[in-house]
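One structure below.
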Amino acid sequence: MEYNFREVEKKWQAHWAKNKTFKTENNSSKPKYYVLDMFPYPSGAGLHVGHPLGYIASDIYARYKRLKGFNVLHPMGYDSFGLPAEQYAIQTGQHPKITTENNIARYREQLDKIGFSFDWDREVRTSDPAYYKWTQWIFIQLFNSWYNPETNKAESINTLIPKLKNFNGLSEKEQSDLLLEYRLAYLSDTMVNWCPQLGTVLANEEVKDGVSERGGYPVERKLMKQWSLRITAYAERLLNDLDNIDWTESIKEAQRNWIGKSEGTSIRFSLTPNPSPRERGTEPGYHTANKKIWERLKENSRENRNNQTEAEELLWEKVRGSKLGFKIRRQHAIDQFISDFVCLERKLIIEVDGEIHNFQQEYDEGRTYRLEEIGYNVIRFTNDSVKNKIDWVCSEIVKALQAPLSFGEGVGGEAFIEVFTTRPDTIFGVSFVTLAPEHELVEKITTPEQKKVVNEYVTFAKNRSERERQADVKKITGVFTGAYAVHPFTGKQIPIWLGDYVLAGYGTGAVMAVPGHDSRDYTFAKHFDLPIIEVVAGGDLSKESHDAKEGKLINSDFLNGLEVKEAVKRAIEAIEEKNLGKGKTNFRLRDAIFGRQRYWGEPIPVYYKDGIPKVLDEKELPLVLPEVDKYLPTETGEPPLARAASSWKKDGKYEYEHSTMPGWAGSSWYYLRYMDAHNDNTFASKEAVNYWQNVDLYMGGSEHATGHLLYVRFWTKFLNDLGLVPFIEPAKKLINQGMIQGVSKFVMEVRVQATFKSLYDQNDKILNVIKDGKVVLELNVGKLDTWHHVFCNYGSSLTFQFKSEGFTLPTVFAVTHASAQFTAATSIESKVYSYHTLLDGWLRAQPSYRPIVITEIPFEAYWHYENKCWYYFNGIKVEDELQDKPLWVVNSEVEKMSKSKLNVVSPDDNPFHLDNREQQDYKYYFSNEEYKPFIIKGILEDYGADALRLYEMFLGPLELSKPWNTNGISGVSNFIRKLWRLYHCADWNVTPLLWRGAGGEAISSEPATKPELKVLHKTIKKIVGDIENFSFNTSISNFMICVNELTELKCNKREILEPLAIIIAPYAPHIAEELWEKLGHKESVTYATFPIHKEEYLVESAFNYPISFNGKTRFFQEYDLSLSKEDIEKEVLGLEQTQKYLEGKTPKKIIVVHNKIVNIVV
RNA sequence: GCGGAUGUGGCGUAAUUGGCAGCCGCGCCAGACUUAGGAUCUGGUGCCGUAAGGCGUGGGGGUUCGAGUCCCUUCAUCCGCACCA
C-alpha cells in the first residue's frame, strides 16, 4: 500500500485542531522557549509559496524544542490594519473589516493545510479593539513621558515640570506647547513625505527613490502638523545595544546605517561685516551707478544738483553730512537712476516728488521695483510734506534709517554660522562655507547685490522635488550670497555660498567646505572656480580630492606635520579652547511620524480642548474606530475620520484626532500580547512577561530591518524604562529567511526590429549589437542568415552600430530602421503582466503542460524584409508572411514574488478568475475560444504538506533567496515514499516492483544490529547539530542518507524506527504522526521525547587513511586507530604502492594526522 | 561612493579545526520491467583523455607538508544606505 498523503494529512490536521495539540502551558516548571514569526498581513492574494518559508523553519524549531522538553510559545496572529483593505473599501464601499476578515479566513485555511503547530488560543489581531486598546494605551504612556538625558531613560513628564523655569507662569496653551517639545509622542509642524495619490504621509522607510514604496506614486516634502514619536532620543541606545543581540550582521548593519551616528565637531564661523569694496579690492562703495551709462548720469546728476527744488534744498539742509546719524548723499546715481537722497550704508533712498511725478507714476513704480530688487528701501515724500511738516519728515527718515535692512541685516556682530564636520583637522583647508538653500540665515546674510539671484535659487531649490534632487546628484547648482565668514584661525574672509548638495535636515544645514579633502566640496569648487587648498599630503588635487583619513597635515599652522588622527584631536582641542565649538554627535535617524490620514488604523486616543491636544483617560479606552460613509478624505482634505458622525466627539463636545496610527504601531508590541493574549486589565501581566521574557527566536525577513525591527526595539526600551517589561530587547536571536522569488514572465511585442538587407558582400564589416549600452554581439553582416541569439529582457533596448568608422549605412544596407526596441505589449506594464497570466494560465491548463514549457521559452528573435519575416520559436526557425499583427515574445525574469507582479505561486489550488476585460482578451489571444476559468494546481494538492515543508527546507540555506521552481520536488516526494516503505515492508525479499502489494506486520521487535544502530545514532547526532545551527537543508539530506542506508540494511526494527519517527516529526509531522500511530502509540508524537545519540555506537576501530604525496591523494589504506603515528609512518613506507609513487626518491617529510590523512613530501 | 553578502558540476547545493572537493537531490546517459506512467527498479554521471594521467571551487598572487576554507589583490552578481559633511 502506497502512502496516501491526502488522507493522512487531512486526518492529522483535523486531529490536532480538535485536541488542541499545541497548547502552550501558562505556568510550567519546564524551561521556556519563545519562537516568534513575523506578523503577517493577510492580503487578498492569499499565501504564496514564499510566505511559509520562515514559518516552516520556525515550526520545525518549535516542534523540536517541544520534543526536547521545553514549554514552547509558538503563536500566530495578524497585522490586520492596512492600506490594501482600505483601498478595496474605497473602490467597493465594503467595510475594510469585512475584507480583512475574509482575507484572514483564507490565510488561516492555507496555514492549516501546511500543518503548523501554532497555539491558536493566543491569536491576536491588531484591528481588534481588545488589542488596539493597549496600542492606544502605550501611545498614552509615550505622550505622558519625556526622555531625561541625565538618567538616560524615559520618565513621567511630571518629573520634567519642576525643571522648567517659570512653567507655572505660562498660559495653559503655552504650557502645552512647551511640554510637546519634550513628550515622546508629540504634535509638531514637521516636514513630511506627503503622497497626494495615497492621500497620506509616509514614513521615510516607506519612500524609495522619491516615490512611495507601495504603488510607486510621487512623494513630495510638505510641512504639516503631525504626531511623531521621539525615537531619536533612543538613537544611542538603539545603536549600542545592537552589540549584545544575536541578529544577523546584515540587519544590524542596516540599522547602524539607518541610525547613522557620526562623531565630529561643531564649529562656529563668525560673519564679517560686509567688507568695504576697497577691502574687497573692487569698486568704491559709492560707485553705485550702472557703469554703461555713468557718463550721462554724471551730467544729469551735476545738473540736478545745481537745480534743486525748494523742498529738496530744505531737506538737504536737515540731513546733509551725518546730521541724522548716517551719511546721506544727494542726487546720487544708483544703477540707472539718480535718486534725490540716499544713505548707502542703510540702503535707504529718499525721494521728494513734485507735481510732475503724478504723470509718471508708472515709471516710478518700475524704478522703485528695480531699486528694491537690488536691496534698497525707497521712501517718498511730497514737496508739500517737506515744506510744511519737515519735522515729521525727518522723524520718518530716522525711523527708516534705524529699521533693519530688508536684506543683509544681521551681518557681522552676534550672528554666526554653525557647521558640523567630522574632519576638524582640515580646518585650514576651508575655502568657503556652503549653506543649504533652506538655511535660516540665508535671508539675513545675503547682500543686497546678490538678493535677486539668491531668491531665484532658493525658489528653484524649493520647487525641485526630492526625486529630481536625488536623480541629478551630478548636477551642481549653487549661488554666492555675497556674504563672508571669518576663518576662526586664520582670520581670513571666506565666501558663503548656497548649494543644494547641503541638506537642511542633516547636521546644522551648513558645511565648512574643504574642497581639497571632500569630494562634494571639490566638485562644487571646481564648478564655481573656488580656491582649493591642500592640507593633507598624499593626494593629487588636480584630478580629485584626497578624502582618505591618512597623511600628514600641511599648510595648517599648528597642525603641520601631524598625522590625520592626531590632527583631529589637536584641532578639537584648539576649537574648544577658543570656544568656537565642541565635539558633537549627529544622527541620521529622524523622529518617526506617527499619524496617517487613513481610515483603517488605530484611532489616536487624543482630543482637542481649546486647541490643546489632550490624551484620553485609560478608562475611556479603547477609542473605537467610528463608522464613516466613505473611506475617502473629506472635500476639504481632512482625513476620513472627519466623516464620522457629529456625535463622535469626546463628551459630545471636543473633536477627536482625525489621523490614525501607522501600520507599524500594532506590530511594535504584538510579541508581548502573545504572552497573555486575553488579559483585559493590562497589555500583558507581569507574571507572563517575567516568565516568557523576550523572544528566543524571531524568524523574519530582512525587509523590516529599518522599519518594524527598529520600532519594536524602541518600544521595548521605552516599556523597559517605565518598568513594564524586564528586558531591553524584543528578541535574543533573529534569523532572516531569504526570499522565495517568483519567475515573472513578460510578454513583449516586438514592434520594430532592425531590418537588414545586405546589398553587397560585406564579410569584412562587423555590426555591433548593443544591448542596454553594452556590446553583446558582433555580427558579420555578410552572414546575417546565420542565426545569433540575443537575449533581451523587458525594458531592454537593442541598437546596432557599425564597428568600423566612416561606414555609411545606406550604401550597404537597405535599412528601414536603424534601431530596434523591444517594448512592452502595451505601454501599461500591468497589461503585460496580465497577458502573461492569461498565457501562463492557459498553458498550465493544457493537458500536456509541464512547467518547463513556460519558463524556458526564450526570446529568440525576429527579423524581416520585403514581405516576409522570420523568427525563432522554441528553437525552430519559422518563416511567415509579414503581418500587421504583433509578434509576441515571452521572456522571464526572477524577482520578488508579489501580487502586483503576478508571479505568485500559491501552495494550494488557485482558481484564476479573470475580469470581463481579461476574458475578452482571452478570446482574442486564443482564437475566439470561450473562456473557461482554469485552476492552477498547487504543491499541496499534488505532493502534500510534508513534501512542501521538506522541499522548501531542502531548497538551500534558509537565509538565501532563491527562485521558486518545482524541478526538485519529486526528490523529497520519493523520500517520503521511501520512508513509508521502511515502516511497511514486511518482506524485504520481494522485488521492489511487487512491493506495493506487500503489507502486514512489518515492524520487528528484534534488537537492532550494530550497523543499524550506527546509522540511527549518526543521524540523530547530525540532525541535532543541523537544527541547532538552523541548517535545515542539510538535515533533509541527512534524513535521506539515513533512509537510504536503512533500506539498504533492510532494517525493520522498532528500536530504530521509533526514534527515527520522532526526529523526523518536526520536519514532516503528518507522516511522522501516522507512523507513530502505526508503531502502536495512542498519544501524538508531539509529546514524545527526542532521542539522545550515544557516542558508543559511532566509535570506529579503524580509519581508511588517504595516502597523499605532496598533497595529492593517490590511494587509501586502512589502519587501526590504536596505531601510533610512528607505526603508521612505518607501515605506509613499507607499502608497495608508496614505493611506486616515490619513484625511488627519499621522502623529505611524512605528516601523519591521526584519523585524518597521511601526507608524504617528496 | 559607503556598508553588507555571495561566487563550487548542466541545475539547487554539501564539505567539523586548513586534511579525500562535489554529500543529498534534480537533470542527463545506459539498462531492467510493462500496468505505457507526472511511473518504478539497477548502474553511471565535475571537465579533458581510449587509457595512463592531467586539470579543476570567479581571476591573479601569497602563507602552508596540505587552501573551497587563512592573507593580499582583482573581477562579477545581489542586497542595504546614499550629495549624511
Side-chain angles (χ1 to χ4, degrees), chain A residues 209 248-258 260-262 264 419-423 426 434 469-470 472-476 499-503 505-514 517-521 523-524 547 586-588 702-703 705-706 738-739 849-852 894 937 942-943 950-951 954-957 959-963 965-975 977 991-996 1022 1025 1029 1031 1033-1041 1044 1104-1116 1147-1151 1153 1155-1162:
Chain A
D209 302 322
T248 53
E249 205 44 49
S250 66
I251 290 271
K252 293 209 252 184
E253 204 51 42
Q255 294 210 347
R256 288 190 190 109
N257 262 334
W258 190 259
K261 180 178 178 171
S262 60
V419 301
F420 174 76
T421 180
T422 54
R423 292 294 302 275
T426 60
T434 318
R469 201 161 153 167
Q470 277 173 21
D472 352 301
V473 167
K474 293 264 139 55
K475 198 168 150 189
I476 300 151
D500 72 353
Y501 79 96
V502 179
L503 303 177
Y506 184 78
T508 58
V511 299
M512 58 176 226
V514 186
H517 305 283
D518 182 290
S519 49
R520 291 150 304 171
D521 297 337
T523 47
F524 194 81
D547 292 13
N586 252 326
F587 292 97
R588 201 188 74 96
S702 54
E703 67 272 21
T706 54
M739 235 187 307
Y849 171 70
R850 297 286 175 284
I852 201 159
V894 171
K937 281 273 173 193
D942 282 354
Y943 296 93
L950 290 176
Y951 185 57
F954 187 60
L955 227 42
E959 63 279 4
L960 233 67
S961 289
K962 49 238 150 188
N965 78 75
T966 51
N967 292 348
I969 199 156
S970 60
V972 290
S973 186
N974 285 342
F975 161 72
R977 278 207 295 270
T991 63
L993 204 69
L994 300 173
W995 200 90
R996 277 177 220 176
K1022 286 199 161 168
N1029 289 319
S1031 175
N1033 53 329
T1034 54
S1035 48
I1036 311 286
S1037 32
N1038 282 322
F1039 279 126
M1040 288 173 172
I1041 295 167
N1044 286 348
N1104 199 14
Y1105 283 89
I1107 315 296
S1108 56
F1109 294 79
N1110 290 335
K1112 278 199 166 79
T1113 309
R1114 295 298 175 176
F1115 62 94
F1116 292 87
K1148 257 189 217 156
K1149 197 174 173 187
I1150 301 174
I1151 291 122
V1153 183
N1155 215 354
K1156 283 259 164 69
I1157 201 166
V1158 177
N1159 191 18
I1160 299 163
V1161 188
V1162 186

Just call it for A/V511: base, sugar-phosphate, or nothing, with non-hydrogen atoms closer than 4.0 Å on any strand. base

In whole Å, I'd like the distance from the CG atom of A/N1159 to the P atom of B/G19. 13 Å

Looking at OG of A/S1108 and CZ of A/F1116, how far apart are the two atoms once the value is rounded to the nearest 0.5 Å? 9.5 Å

Just the rounded figure in Å: distance from P of B/C2 to CH2 of A/W258. 21 Å

Between B/A21 and B/G7, how far is it from one C1' atom to the other, in whole Å? 16 Å

Determine the contact category for A/F524: base if any of its heavy atoms lies under 4.0 Å from a base atom, sugar-phosphate if only primed atoms, P, OP1 or OP2 are that close, otherwise nothing. nothing

Below 4.5 Å, heavy atoms only, C-beta onward: do A/D521 and A/M512 meet side chain to side chain? no

Of the listed B/C83, B/C65, B/A85, the closest approach to the A/F420 side chain comes from B/A85

To the nearest angstrom, how far is A/K261 atom NZ from B/C2 atom C1'? 19 Å

Quote, to the nearest angstrom, the C1' distance that separates B/G27 from B/G9. 12 Å

Looking at A/T434 and A/A510, would you say the former's side chain and the latter's main chain have a donor-acceptor pair under 3.5 Å? no

Residue-phosphate contact under 4.0 Å: A/N1044 side-chain N/O, B/G25 OP1/OP2: yes

Atom CG of A/L950 and atom C1' of B/C24 are separated, to the nearest Å, by 13 Å

C1' atoms of B/A67 and B/C83, separation to the nearest Å: 43 Å

Parallel, tilted or perpendicular: which describes the rings of A/Y506 and A/F420, with under 30° parallel and over 60° perpendicular? perpendicular

Is any side-chain heavy atom of A/Y501 closer than 4.5 Å to a side-chain heavy atom of A/V511? yes

Checking all strands, does A/N1033 fall into the base, sugar-phosphate, or nothing category for heavy-atom contacts under 4.0 angstrom? sugar-phosphate

Taking atom P in both B/G19 and B/A15, compute the distance separating them and give it to the nearest angstrom. 12 Å

From the list B/A14, B/A85, B/C20, which nucleotide is the closest neighbour of the side chain of A/I1157? B/C20

Shorter than 3.5 Å, N or O on both sides, protein versus nucleotides 5-12 of chain B: list them out with atom names.
residue, atom, partner, partner atom, Å
B/G12, O2', A/L955, O, 2.5

Taking atom C1' in both B/C26 and B/G44, compute the distance separating them and give it to the nearest angstrom. 16 Å

Is there a side-chain polar atom (N or O) of A/R977 under 4.0 Å from OP1 or OP2 of B/A39? no

Nearest-neighbour nucleotide for the A/E253 side chain, B/G3, B/A15, B/C84 considered: B/G3

Categorize A/S970 for me: base, sugar-phosphate, or nothing, with a 4.0 angstrom heavy-atom threshold over every strand shown. sugar-phosphate

What integer distance in Å separates A/K252:NZ from B/G3:P? 19 Å

Is the distance from OP1 or OP2 of B/C81 to the nearest side-chain N or O of A/R256 less than 4.0 Å? no

Closest nucleotide among B/G80, B/C24, B/G19 to the A/N257 side chain: B/G80

CG on A/L950 to CG on A/N1033, rounded to 0.5 Å: 12.0 Å

Could you say whether A/S1108 or A/K1022 is positioned toward the 5' end of RNA chain B, judged by the nucleotide with the nearest heavy atom to each? A/K1022

Please report, rounded to the nearest Å, how far the P atom of B/G4 is from the CD atom of A/Q255. 16 Å

Work out how far the P atom of B/A85 is from that of B/U74, and round it to whole angstrom. 24 Å

Under 4.0 Å between a side-chain N or O of A/R588 and OP1 or OP2 of B/A82? yes

Could you check how far CD1 of A/I1151 sits from P of B/C20, rounded to whole Å? 14 Å

Look at all strands and tell whether A/N1038 reaches a base, only sugar-phosphate, or nothing, counting heavy atoms closer than 4.0 Å. nothing

State the pairing partner of B/G53; accept Watson-Crick or G-U wobble contacts with both distances under 3.5 Å, and report none otherwise. B/C48

Whole-Å distance, A/R520 CZ to B/C83 P, equals 10 Å

I want to verify the glycosidic state of B/G9; is it syn or anti under the 90° rule? syn

Please state whether the phosphate of B/A85, meaning OP1 or OP2, lies under 4.0 angstrom from any side-chain nitrogen or oxygen of A/Y501. no

Searching all strands shown, indicate the nucleotide that pairs with B/U69 (Watson-Crick or G-U wobble; both distances under 3.5 Å). none

Between A/N257 and A/R588, is the side chain to side chain contact (heavy atoms under 4.5 Å, CB included) condition met? List the steps. CA-CA 8 Å; A/N257 262 334; A/R588 201 188 74 96; over 6 Å; no

Would you say that A/F1115 contacts A/F1109 through its side chain, given a criterion of any heavy-atom pair below 4.5 Å between the two side chains? yes

Between B/C72 and B/G1, how far apart are the C1' atoms? Round to whole Å, please. 23 Å

Between A/T508 and A/N974, which has a closest nucleotide on RNA chain B that is more 5'? A/N974

What does A/Y943 touch in the nucleic acid at a heavy-atom separation under 4.0 angstrom: a base, only the sugar-phosphate, or nothing? base

Using Watson-Crick or G-U wobble geometry with both distances under 3.5 Å, which nucleotide pairs with B/G3? B/C79

Is it the case that the side chain of A/N1029 and the backbone of A/G1025 share a donor-acceptor pair, with hydrogens and angles ignored and the cut-off at 3.5 Å? yes

Testing the basics here: between A/Y943 and A/S973, what is the closest heavy-atom pair and its distance to 0.1 Å? CD2-OG, 3.6 Å

For B/C41, the Watson-Crick or wobble counterpart (both distances under 3.5 Å): B/G31

What residues, two or more places apart in sequence or in another chain, satisfy salt bridge (charged side-chain N to carboxylate O under 4.0 Å, His left out) together with A/K261? A/E236

Would you mind pulling out the nucleotide paired to B/U63, Watson-Crick or G-U wobble, both distances under 3.5 Å? none

Could you measure between the two P atoms, the one in B/C11 and the one in B/C28, and give it in whole Å? 15 Å

